> 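Sending over a structure as structure tokens; questions will come in a sec.
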Amino acid sequence: MGSQDHLARGCRVQQPCAACRMLRRKCDRNCLLAPYFPCDEMDKFAGVHKVFGASNVIKMIQMVDETCRDDAVKAIVYEAMARLRDPVYGSVGPIFHLQKMVQELKAQLESVRAQILESQQQRDQMLGILMNVHHADLLSSIDNPVFDVDGFALGADDHTNMGFDPVVFPPEYDWDL
């Protein structure tokens with residue numbers, strides 16, 4: 001048997017559990033509190049004892065199914081420590097604080113989602129504008145002299161260009177201004 005095994009067993013077998021030690025009673029093999037309050041966790045039991053009292057803790061543990069007792073003791077210890085820190089609200093204070101934080105985070109999340117949606121809409125609008133500009137550039141860059149910028153040609157090829165010159169070829173429109 002190694003020295004660590006001896007120490008671990010010695011705490012359980014030779015020394016009373018934290019509860020029995022604090023209550024100054026003999027700790028036997030059937031001690032209900034020993035599995036949950038080992039001899040090296042005096043502070044844990046002291047807090048539970050101060051808030052609930054040893055007899056109430058024993059009653060609470062006995063009321064719970066054996067498979068759930070470990071969790072029940074953890075809850076009792078948590079509540080006792082919370083009550084020692086905050087005698088008025090106990091564990092409810094941190095719960096309310098966490099609930100408030102969750103609500104604030106939900107509001108932030110909705111705000112971020114709205115910003116993302118707005119950014120996506122702006123991106124889509126910009127892409128639409130860019131696509132229209134790009135489409136217009138494609139149409140104007142086709143090698144078709146119909147839209148010749150320099151001579152303002154109207155014909156389909158260079159031989160039939162009919163340039164627009166208001167002196168030589170005045171428009172025949174009768175515009176009343």
Side-chain angles (χ1 to χ4, degrees), residues 1-139 141:
M1 181 184 324
S3 63
Q4 288 181 341
D5 291 330
H6 177 65
L7 288 176
R9 290 176 130 192
C11 185
R12 207 70 189 265
V13 175
Q14 294 176 352
Q15 293 183 355
C17 70
C20 292
R21 191 170 174 191
M22 183 171 210
L23 299 172
R24 295 187 178 148
R25 65 181 191 188
K26 184 175 171 136
C27 187
D28 61 4
R29 292 176 49 191
N30 296 327
C31 178
L32 183 66
L33 300 173
Y36 312 109
F37 301 101
C39 63
D40 59 343
E41 295 183 5
M42 283 291 289
D43 292 341
K44 189 164 98 172
F45 182 74
V48 169
H49 178 61
K50 186 173 184 176
V51 173
F52 297 110
S55 61
N56 287 331
V57 172
I58 291 171
K59 288 177 190 174
M60 286 188 274
I61 292 173
Q62 288 174 335
M63 290 173 40
V64 176
D65 186 47
E66 284 187 44
T67 59
C68 299
R69 285 183 180 173
D70 191 47
D71 291 334
V73 171
K74 288 177 184 175
I76 291 169
V77 169
Y78 180 81
E79 181 63 32
M81 296 304 150
R83 285 279 168 199
L84 290 173
R85 279 190 304 274
D86 185 353
V88 175
Y89 293 107
S91 64
V92 175
I95 290 170
F96 283 149
H97 177 70
L98 291 172
Q99 286 175 335
K100 182 181 176 190
M101 286 176 59
V102 166
Q103 292 302 321
E104 290 171 357
L105 290 172
K106 283 181 179 179
Q108 286 179 1
L109 180 62
E110 287 304 314
S111 174
V112 168
R113 283 182 176 160
Q115 289 174 355
I116 289 171
L117 183 61
E118 184 179 339
S119 294
Q120 288 173 340
Q121 290 172 343
Q122 289 174 354
R123 180 201 64 201
D124 292 345
Q125 287 175 351
M126 292 300 291
L127 285 174
I129 291 169
L130 288 173
M131 293 299 286
N132 287 339
V133 168
H134 182 65
H135 184 68
D137 286 346
L138 284 176
L139 286 177
S141 67

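The model shown is predicted, which means the values in this text are computed figures rather than measured ones. For reference, positions follow the sequence shown, starting with 1.
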> Apply the test salt bridge (charged side-chain N to carboxylate O under 4.0 Å, His left out) to residues E79 and R83: give CA-CA distance (whole Å), side-chain angles for both, the deciding distance (0.1 Å), then the verdict.
CA-CA 6 Å; E79 181 63 32; R83 285 279 168 199; 3.0 Å; yes
> Should we count CD of E66 as having more than 12 external heavy atoms under 6.0 Å?
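Count not over threshold, so no.
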> State which residues pass ring-ring contact (aromatic ring centres under 6.0 Å, His included) with F45; sequence neighbours excluded, sorted by chain then number.
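Testing F45 for ring-ring contact (aromatic ring centres under 6.0 Å, His included), a comparison that skips the adjacent residues, returns F37, H49.
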> More than 12 non-hydrogen atoms from neighbouring residues, nucleotides or ligands closer than 6.0 Å to CZ on R24, yes or no?
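No, CZ of R24 has 12 or fewer neighbouring heavy atoms, counting only those of other groups under 6.0 Å.
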> Could you give the distance from CE (M60) to CD1 (I58), rounded to the nearest 0.5 Å?
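Taking CE in M60 and CD1 in I58, the distance rounds to 10.0 Å.
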> What is the distance from atom SG of C17 to atom CG of L32, rounded to the nearest 0.5 Å?
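It is 9.5 Å, given to the nearest 0.5 Å.
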> Output yes when a side-chain donor or acceptor of R21 lies under 3.5 Å from a complementary backbone atom of K26, and no otherwise.
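Not confirmed, R21 side chain does not pair with K26 backbone.
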> Got a donor-acceptor contact below 3.5 angstrom from the S111 side chain to the A107 backbone?
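Flag not set: sc S111 to bb A107 has no pair under 3.5 Å.
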> Between atom NZ of K74 and atom NZ of K44, what is the distance when rounded to the nearest 0.5 Å?
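Reported to 0.5 Å precision, the distance equals 8.5 Å.
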> Provide the closest heavy-atom pair for P16 versus C39 in the form atom of the first, atom of the second, distance.
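Taking P16 first and C39 second, the nearest heavy atoms are O-CB, 3.3 Å.
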> Can D40 and Q15 be said to form a side-chain contact (heavy atoms from CB on, under 4.5 Å), step by step?
CA-CA 10 Å; D40 59 343; Q15 293 183 355; over 6 Å; no
> Compare every heavy atom of A80 with every heavy atom of G47, then report the nearest pair and how far apart it is.
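Closest approach of G47 to A80, heavy atoms only: O-CB, 3.8 Å.
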> Look up atom CG in L84 and atom CG in D43, then write down how far apart they are to the nearest 0.5 Å.
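Atom-to-atom, L84:CG and D43:CG are 10.5 Å apart.
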> Check the pair V64 / D71 against side-chain contact (heavy atoms from CB on, under 4.5 Å), numbers first and verdict last.
CA-CA 10 Å; V64 176; D71 291 334; over 6 Å; no
> What distance do L33 atom CG and R25 atom CZ have between them, rounded to the nearest 0.5 Å?
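Spacing of CG (L33) from CZ (R25) equals 6.0 Å.
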> Drop me the distance from I76's CD1 to R69's CZ, to the nearest 0.5 angstrom.
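Going from the CD1 atom of I76 to the CZ atom of R69 covers 10.5 Å.
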> Would you sort out whether K106 and Q103 count as a side-chain contact (heavy atoms from CB on, under 4.5 Å), showing the intermediate values?
CA-CA 5 Å; K106 283 181 179 179; Q103 292 302 321; 4.2 Å; yes
> Can you give me the closest heavy-atom contact between S91 and P94, atom names plus distance?
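Here S91 and P94 meet closest at O-CD, 3.3 Å.
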